[in-house]
There are 2 protein chains.
Amino acid sequence: MKSSLFVLSALLLVGSASAQLKPEEMIQFRQAGYKTMAWNMGKIKAQTDAPADKFDKTLTLNAALAIKGVANSGMGALYGPGTDTKTASIKTRALPDLFDPKNFDERNKIGKNFGEQANKLADVAAGGDQKAIQAQFGELGKACKACHDKFREEEKK
Amino acid sequence: MKSSLFVLSALLLVGSASAQLKPEEMIQFRQAGYKTMAWNMGKIKAQTDAPADKFDKTLTLNAALAIKGVANSGMGALYGPGTDTKTASIKTRALPDLFDPKNFDERNKIGKNFGEQANKLADVAAGGDQKAIQAQFGELGKACKACHDKFREEEKK
């Protein structure tokens, strides 16, 4: 039920605010979102790897809040028709399987978990405990990887 | 004093978490951040322009929170040496004036105002009043434009 609502919500989004977006724009916007999250992931990684006396709680929290904000911004709406590896006119690594309705339950489960782990990271980051943040950062990483492993084309070297 | 602290903070950032970033990576990350905010600005614009009975409060709030998160993520750290129009090895529209210490007071004032207007938009969006959101959205747009007008190269057609 939750999955169906998620799909419905994504479709409504596509049908309203994002109706005017071309497939290329969807790809560019979603890549920008992931890149923004990646930058902030990198900052958190550097902070959790740092010696305890060098740990910057504010920087870490702000990075976690940026990830939380983007993760909850409805990026599912940016996966419209014509935006997979086979049909897109610009480079993307989103495999056609991601757009196959038979995979929507899994896709939505992965997406929902990603949002939840991002929210949890922001909560833990607010607490300022470097070790706890490191642990939750690992959970968020796993949530990212779940989608990459299943639905993202391997990078060509 | 606040300006000096802002600069110091930005330099410390560059000196720690972002020390490993190349100029090209800084440019790519900051462009991703602005693009992510632009997508969310577009969604808010569509919502504030919509008839009152079509206004989606949740979508608008989530977009505002994404902007707030990115706006507060310390993007000043992504303006290191070699990332202006004259010295960068990839396309950027950040004019050398933005990197000139004599303009740091103005740059920091503009940056600070941008963050404040983004925070205010998220607060107003939480209230769900479409007209109030539209008004504050306009203020955020002005805050963006203040930097574009002064420090961004005009787009080549």
Side-chain angles (χ1 to χ4, degrees), chain A residues 5 9-10 12-21 25-51 54-56 58-78 115 118-119 121-122 125, chain B residues 5 9-10 12-21 25-51 54-56 58-78 115 118-119 121-122 125:
Chain A
L5 280 175
S9 155
L12 286 173
L13 258 176
V14 172
S16 58
S18 304
Q20 70 282 18
L21 292 182
E25 292 170 322
M26 287 187 184
I27 292 170
Q28 288 164 342
F29 279 136
R30 74 194 188 204
Q31 289 176 345
Y34 294 120
K35 199 166 187 70
T36 298
M37 289 192 282
W39 175 52
N40 286 286
M41 293 284 283
K43 286 186 289 180
I44 296 173
K45 174 80 167 66
Q47 289 301 320
T48 56
D49 284 350
K54 301 283 184 196
F55 175 67
D56 186 330
T58 304
L59 190 158
T60 304
L61 175 58
N62 286 341
L65 288 170
I67 293 168
K68 178 183 175 177
V70 177
N72 288 282
S73 66
M75 288 182 65
L78 298 173
N119 293 346
L121 179 60
Chain B
L5 279 175
S9 156
L12 286 174
L13 259 174
V14 172
S16 58
S18 303
Q20 71 284 16
L21 293 181
E25 292 170 321
M26 288 187 183
I27 293 170
Q28 287 164 343
F29 279 135
R30 75 193 186 203
Q31 288 176 346
Y34 294 120
K35 199 165 187 74
T36 298
M37 289 192 283
W39 174 53
N40 286 287
M41 293 284 284
K43 288 187 287 181
I44 296 173
K45 175 79 167 65
Q47 288 302 319
T48 57
D49 284 351
K54 302 282 185 198
F55 175 68
D56 186 330
T58 304
L59 190 159
T60 304
L61 175 58
N62 286 341
L65 288 172
I67 294 167
K68 178 183 174 177
V70 177
N72 289 281
S73 64
M75 289 182 65
L78 297 173
N119 293 346
L121 179 61

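These numbers come from the heavy atoms of this one structure, side chains and all, not from hydrogens, waters or symmetry mates. Letters A, B, ... mirror the listed sequences (proteins, then strands); counts begin at 1.
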Checklist line | From N62(A) atom CG to D56(A) atom CG, the distance as rounded to the nearest 0.5 Å | finding: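 Result: 8.5 Å between the selected atoms.
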Next item on the list: Check each atom of Q28(A) against the heavy atoms of chain B and say whether the ones under 4.5 Å are side chain, backbone, both or neither.
Entry: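 The answer is both parts of Q28(A).
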Next item on the list: Just give me the residue among A32(A), G69(A), A38(A) that pairs up with chain B most often, heavy atom to heavy atom, under 4.5 Å.
Entry: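 Top option by heavy-atom pairs under 4.5 Å: A32(A).
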Margin query: Please identify, among L61(A), D49(A), N40(A), the residue contributing the most non-hydrogen atom pairs under 4.5 Å to chain B.
Written below: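 If we count pairs closer than 4.5 Å to chain B, N40(A) comes out on top.
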Check: Going through the distances and angles, do I44(A) and L121(A) end up as a side chain to side chain contact (heavy atoms under 4.5 Å, CB included)?
Finding: CA-CA 10 Å; I44(A) 296 173; L121(A) 179 60; 3.9 Å; yes
Checklist line | Axial cation check for W39(A) ring with K35(A), 6.0 Å and 45° limits | finding: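 Judged by the rule, K35(A) and W39(A) form no cation-pi pair.
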Next item on the list: Starting from the C-alpha separation in whole Å, work towards a yes-or-no answer on side chain to side chain contact (heavy atoms under 4.5 Å, CB included) for T36(A) and V70(B).
Entry: CA-CA 8 Å; T36(A) 298; V70(B) 177; 3.9 Å; yes
Next item on the list: Could you look at Q31(B) and say if it's the side chain, the backbone, both or neither that has a heavy atom under 4.5 Å from chain A?
Entry: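 Contact with chain A: none, neither part.
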